[in-house]
Engineer: 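The structure under discussion is supplied below as structure tokens; questions concerning it will follow.
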Amino acid sequence: MGKSKVLVVGGTGYIGRKIVKASLAEGHETYVLQRPEIGLDIEKLETLLSFKRQGARLLEGSFNDPKSLVDAVKQVDVVICTMSGVHFRSHNLLLQLKLVDAIKEAGNVKRFLPSEFGMDPALMGHALEPGRVTFDEKMVVRKAIEEANIPFTYVIANCFGGYFAGNLSQLERLTPPKDKVFLYGDGNVKVVYMDEDDIAAYTIKAIDDPRTLNKTLYIRPPDNILTQSELIQKWETLSRKKLHKISISADDFLASMKGLDLAGQVGVGHFYHIFYEGCLTNFEIGEGGEEASKLYPQVEYTRMEEYLKIYV
Ligand code: NDP
Ligand code: GO6
């Protein structure tokens, strides 16, 4: 039995692209869903054609055509969905219910990884409105998967470096601030910052691993468990420049939600749970969980002093 055949649904997306790349690099026969709805989105087509050049196969399929999803899923062993979550780019997590139906009907899928790749939604029952919708929707999808007895792995990726490290965890920007940096409280809450290519590598390692069958895989490598202040110190060393720190209290941070649009309110809520509550690190990994860097010590994960270099 060769390596499992993988279908990535959402493959032209931010984390999706990295997962396609990692799947190819790991030697899996890799398929990417090609949706007719992309229409004139020439960047998406360009990305799909670049996957073909790298050896991936494109499978036409649409969320508006259930049979096309069943036909696509029948070609592979593992399906990974990287559907957009609730954010400024788009918000379609519940579309995954159609993919769950297709996987259920096809009956051949050995592992399904739904679009998670963030905080553990099972631990976010208390989450603030409106950002809680991200977690509520991910839990709806999990329920459908488990009721259909589809074998799964949930990947908890913690903070993408691109959205949380490059900007020193500032909202509304993706590059580091030049002079002043806002600290969440005293900046001493432990979070986990991850290079997106490492998230993809761990994800692909997990798909054929019996140890992650019907389990949650937490990506929490020890050297990347850092406070916002520790991240800033690493940046100040690299950039050889001190930043003026401004501490924001939890109350002031939450008050800032007023007057923001929906996406902005979602972001503030998520950041609150991460940087004031410490929701990524305030629990031990229990029975239903595994930690990626322990299962796959061969993955040389990128530390943040390395990840931040490109931003100097
Ligand atoms: P993107 O915004 O890049 O979107 C991913 C894909 O979703 C798109 O490429 C598209 O697939 C698909 N999609 C979007 N709208 C539709 C639609 N109407 N119909 C069908 N497919 C659609 O997603 P991200 O990579 O930003 O997010 C993926 C996951 O990662 C989410 O679960 C999100 O919560 C999580 N995340 C976590 C972060 C972290 O820091 N931990 C940061 C950002 C996201 P196609 O390629 O077929 O066009
Ligand atoms: C990333 C973001 C960055 C939002 C998660 C607003 C789900 C998760 C770590 O989509 O809202 O500036 O866990 O102003 O479970 C967005 C979301 C990050 C990007 C959080 C995410 C993280 C979603 C912002 C901003 C950089």
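Below, all heavy atoms of this structure are taken into account, side chains as well, without hydrogens, waters or symmetry copies. Being a predicted model, the structure only gives us computed values, none of them experimental. Just so you know, ligand 1 is whichever comes first in the structure, and atom 1 is the first atom listed for that ligand.
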Engineer: Heavy-atom contact under 4.0 Å between Lys138 and ligand 1?
Structural biologist: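 Lys138: in contact with ligand 1 (<4.0 Å).
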Engineer: Taking only residues two or more places apart in sequence, or in another chain, which ones meet Glu46 in a side chain to side chain contact (heavy atoms under 4.5 Å, CB included)?
Structural biologist: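 If we apply the side chain to side chain contact (heavy atoms under 4.5 Å, CB included) test to Glu46, skipping adjacent residues, there are no hits.
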Engineer: For the ring pair Phe182 and Phe275, is the centre-to-centre distance below 6.0 Å?
Structural biologist: no
Engineer: Would you mind listing which atoms of ligand 1 come within a distance below 4.0 Å of any non-hydrogen atom of Phe63?
Structural biologist: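 Selected atoms, number and element: 20 (C).
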Engineer: With a heavy-atom distance limit of 4.0 Å, tell me whether Phe160 approaches ligand 1 through its side chain, its backbone, both, or neither.
Structural biologist: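 The answer is both.
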Engineer: Using heavy atoms and a 4.0 Å limit, tell me yes or no: is Thr47 in contact with ligand 1?
Structural biologist: no
Engineer: Using a strict threshold of under 4.0 Å (side-chain N to carboxylate O), is an ion pair present between Lys241 and Asp179?
Structural biologist: yes
Engineer: For Phe135 together with His270, are the ring centres under 6.0 Å from each other?
Structural biologist: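 Yes.
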Engineer: Mark up the atoms of ligand 1 that fall under 4.0 Å of a heavy atom belonging to Gly118, in ascending order.
Structural biologist: 41 (N)
Engineer: Please list, in number order, the atoms of ligand 1 under 4.0 Å from a heavy atom of Tyr163.
Structural biologist: 42 (C), 43 (C)
Engineer: Assert yes or no for the condition that the ring centre distance of Tyr184 to Phe253 is strictly below 6.0 Å.
Structural biologist: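 Judged by ring-centre distance (under 6.0 Å), Tyr184 and Phe253 do meet the cut-off.
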Engineer: Where the side chain of Lys74 meets the backbone of Ala106, is there a donor-acceptor pair that is under 3.5 Å apart?
Structural biologist: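 Checked: no pair found.
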Engineer: For each nitrogen or oxygen atom of ligand 2, which protein N/O atoms lie closer than 3.5 Å, and how far apart are they, rounded to 0.1 Å?
Structural biologist:
| residue | atom | partner | partner atom | Å |
| --- | --- | --- | --- | --- |
| ligand 2 | 10 (O) | His87 | ND1 | 2.6 |
| ligand 2 | 11 (O) | His270 | ND1 | 2.8 |
| ligand 2 | 12 (O) | Glu172 | N | 3.0 |
| ligand 2 | 13 (O) | Met119 | N | 3.2 |
| ligand 2 | 14 (O) | Glu172 | N | 2.8 |
| ligand 2 | 14 (O) | Glu172 | OE2 | 3.2 |
| ligand 2 | 15 (O) | Met119 | N | 2.8 |

Engineer: How does Thr82 reach ligand 1, by side chain, by backbone, by both or by neither, if only non-hydrogen atoms under 4.0 Å count?
Structural biologist: backbone
Engineer: Under 4.0 Å between a Lys/Arg side-chain N and an Asp/Glu carboxylate O for Glu146 and Arg142?
Structural biologist: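 Looking at Glu146 and Arg142, the cut-off is not met.
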Engineer: Just to confirm my output: which protein heavy-atom neighbour is closest to atom 26 (O) of ligand 1, and how far is it?
Structural biologist: His87 CE1, 3.1 Å
Engineer: Can you name the atoms of ligand 1, numbered from 1 with element, that are less than 4.0 Å from a heavy atom of Thr12?
Structural biologist: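 It comes down to these atoms of ligand 1: 9 (O), 45 (P), 46 (O), 48 (O).
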Engineer: Report yes or no: does Gly11 have a heavy atom closer than 4.0 Å to ligand 1?
Structural biologist: yes
Engineer: List every atom of ligand 1 that sits less than 4.0 Å from any heavy atom of Leu95, numbering the atoms from 1 in the order shown and giving each element.
Structural biologist: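 Those atoms are 17 (C), 18 (N), 19 (N), 20 (C).
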Engineer: For ligand 1, which atoms sit closer than 4.0 Å to a heavy atom of Tyr14?
Structural biologist: 3 (O), 25 (O)
Engineer: Show me the donor-acceptor pairs within less than 3.5 Å that the side chains of residues 156-167 make with the rest of the protein, sequence neighbours left out.
Structural biologist:
| residue | atom | partner | partner atom | Å |
| --- | --- | --- | --- | --- |
| Asn158 | ND2 | Ile219 | O | 2.6 |
| Asn167 | OD1 | Ser169 | N | 2.8 |
| Asn167 | ND2 | Tyr163 | O | 2.9 |
| Asn167 | ND2 | Gln170 | O | 3.2 |
| Asn167 | ND2 | Arg173 | O | 2.8 |

Engineer: Say you draw a straight line from CG of Leu168 to CD of Gln228; how long is it, rounded to the nearest 0.5 Å?
Structural biologist: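 Nearest 0.5 Å value for the CG-CD distance: 7.5 Å.
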Engineer: What's in the same ILVMFWY side-chain cluster as Ile42, cut-off under 4.5 Å, chained through other members?
Structural biologist: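 Members alongside Ile42: none; it stands by itself.
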Engineer: Counting heavy atoms only, which part of Arg35 comes closer than 4.0 Å to ligand 1: side chain, backbone, both or neither?
Structural biologist: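 The answer is the side chain of Arg35.
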Engineer: Any side-chain heavy atom of Tyr218 sitting closer than 4.5 Å to one from Phe283?
Structural biologist: yes
Engineer: If you draw a 6.0 Å radius around NZ in Lys21, do more than 12 non-hydrogen atoms from other residues or ligands fall strictly inside?
Structural biologist: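 Check fails, neighbour count at 12 or below.
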Engineer: Just let me know how Lys44 lines up against ligand 1, side chain, backbone, both or neither, with a heavy-atom cut-off below 4.0 Å.
Structural biologist: side chain
